[in-house]
J.: 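Provided herewith is a single structure, encoded as structure tokens, for subsequent inquiry.
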Protein chains: 2
Amino acid sequence: MDHIDRALLARLQQDATQSYATLGQAVGLSAGAAHERVRKLRERGAIRRTTIEVDPAAVGSAVLAYVMVESSSWMGDSAPAFAALPEVLEAHVIAGSASVLVKVRTATTEQLQDVLRRIYAIDGVSGTQATVVLETFFERPLSPQESGADGHL
Amino acid sequence: MDHIDRALLARLQQDATQSYATLGQAVGLSAGAAHERVRKLRERGAIRRTTIEVDPAAVGSAVLAYVMVESSSWMGDSAPAFAALPEVLEAHVIAGSASVLVKVRTATTEQLQDVLRRIYAIDGVSGTQATVVLETFFERPLSPQESGADGHL
DNA sequence: GGTGAAATGTGGTTGTT
DNA sequence: AACAACCACATTTCACC
């Protein structure tokens, strides 16, 4: 994981459809060398997958909310329960009074209410506090930092 | 935006490297037709871009936090100020006591503190409340819903 | 808006240094 | 670990329906 790998990651985040020839030229490598670098980044798990970014509004998910989930017991093994709700895009165990923070997208506020109901039904959940997003300034991918070169990989 | 388009989006989210032949076969279309569908989805903006998913730990961003930003004035045009901080991955205007919610990734808690300092320096910001993530259960892409077919596109 | 096929370009592999 | 050359296949375009 050197500066060339980070440059490759940054370029691929912007556009994963470009050829290895283009990619290699951008970082001063041949197409084959760039290909090999990217292959190893995938192998190591630094690149998890290549995917598309979908406009939420285009697929009918106009409502975005973050929900603080309070619990009365240890929630460390409740991941599958949250994963079972397709509207839940992220779930994190957090420090603080609430114990789990989830990101939810739905088509309407009525559907959001229904998701909250289903979250409430999860074992150990004692309360929810939803924060509805009025406007998204931006959402962007993680940019490979210059510092903190290698996080244990 | 019919059920075939949604199936294409779902498949491409899982793996954007598969061929149009495979893609077409999965939805009952020829390679050329699948290609044309996807081209139009890109044109309309339903597909924003093709990108890679990077493991945060691999690029040295082990610390994840959500920050509630309280303000003393209208923050509606403060998007560029937040966008100027590379560690800020998302910024949303929210309903509730705080006015902006941001998602931050850094290598260390010291760097997180520095980001909070820079957020504090943004015009109109009167306070911050950071919630540090202890463990991420999952982060996944939006799955094209069966309902809510077309959100104004 | 779909099909099938032709041509251009890329992915992925192999040899070599 | 990088380069160059190779072949198979995917992308892209086109005429036709």
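Throughout, protein chains are lettered first and strands after them, A, B, ... in sequence-line order, and every chain is numbered starting at 1.
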J.: Give the nucleotide from the list D:dA2, C:dG2, D:dT12 with an atom nearest to the side chain of A:Arg37.
T.: D:dA2

J.: Would you mind reading off the distance between B:Glu36 atom CD and C:dT3 atom P, rounded to a whole angstrom?
T.: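 Going from CD in B:Glu36 over to P in C:dT3 covers 12 Å.
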
J.: For the side chain of A:Tyr20, starting at C-beta, report the closest nucleotide among C:dT3, C:dG11, D:dT12.
T.: C:dG11

J.: For A:Arg39 and C:dT13, is the shortest distance between a side-chain N/O and OP1 or OP2 below 4.0 Å?
T.: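 It does not, given that no N or O in the side chain of A:Arg39 lies less than 4.0 Å from OP1 or OP2 of C:dT13.
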
J.: Less than 4.0 angstrom between a side-chain N/O of B:His35 and OP1 or OP2 of D:dT12, yes or no?
T.: yes

J.: Roughly how many Å is it from CG in B:Asp2 to P in C:dG1, rounded to a whole number?
T.: 10 Å

J.: Starting from P on C:dT10, measure out to CG on A:Leu12 and report it in whole angstrom.
T.: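 Those two atoms, CG and P, are 15 Å apart.
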
J.: Let's test this: given Watson-Crick or G-U wobble pairing with both distances under 3.5 Å, identify the partner of D:dC3.
T.: none

J.: Between D:dA10 atom P and B:Asp15 atom CG, what is the distance in whole Å?
T.: 13 Å

J.: Expressed in angstrom and rounded to an integer, what is the separation of A:Leu23 atom CG from D:dC3 atom P?
T.: 13 Å

J.: Is any NZ, NE, NH1 or NH2 atom of the basic residue among B:Asp2 and B:Arg37 found under 4.0 Å from an Asp or Glu carboxylate oxygen of the other?
T.: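 So B:Asp2 pairs with B:Arg37 through a salt bridge.
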
J.: Rounded off to whole Å, could you give me the CG-to-C1' distance for the A:Asp5 and D:dA2 pair?
T.: 13 Å

J.: When the P atoms of D:dT12 and C:dG12 are compared, how many Å lie between them, rounded to an integer?
T.: 15 Å

J.: Taking any strand in view, what nucleotide pairs with C:dG4 in a Watson-Crick or G-U wobble way, both distances under 3.5 Å?
T.: D:dC14

J.: Output, in order, the C-alpha distance, side-chain angles, deciding distance and verdict of side-chain hydrogen bond (donor to acceptor under 3.5 Å, both in side chains) for B:Arg42 and B:Thr50.
T.: CA-CA 10 Å; B:Arg42 285 185 206 281; B:Thr50 304; 2.8 Å; yes

J.: Any salt bridge linking B:Lys103 with A:Glu90? Criterion: basic side-chain nitrogen under 4.0 Å from a carboxylate oxygen.
T.: yes

J.: From A:Met75 CE over to A:Asp123 CG, what is the distance, rounded to the nearest 0.5 angstrom?
T.: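 The CE atom of A:Met75 sits 6.5 Å away from the CG atom of A:Asp123.
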
J.: Quickly work out the B:Leu8 CG to C:dG1 C1' distance and round it to whole Å.
T.: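 Atom-to-atom, B:Leu8 to C:dG1, this comes out as 14 Å.
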
J.: Where the side chain of B:Ser19 is defined as all heavy atoms beyond and including C-beta, which of D:dA10, C:dT3, D:dA1 is the nearest nucleotide?
T.: D:dA10

J.: Report yes if some heavy atom in the side chain of A:Ile52 is under 4.5 Å from a heavy atom in the side chain of B:Thr51; otherwise report no.
T.: no

J.: Could you give the CD-to-P distance, from B:Gln18 to C:dG11, as a whole number of Å?
T.: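 Taking CD of B:Gln18 and P of C:dG11, I get 16 Å after rounding.
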
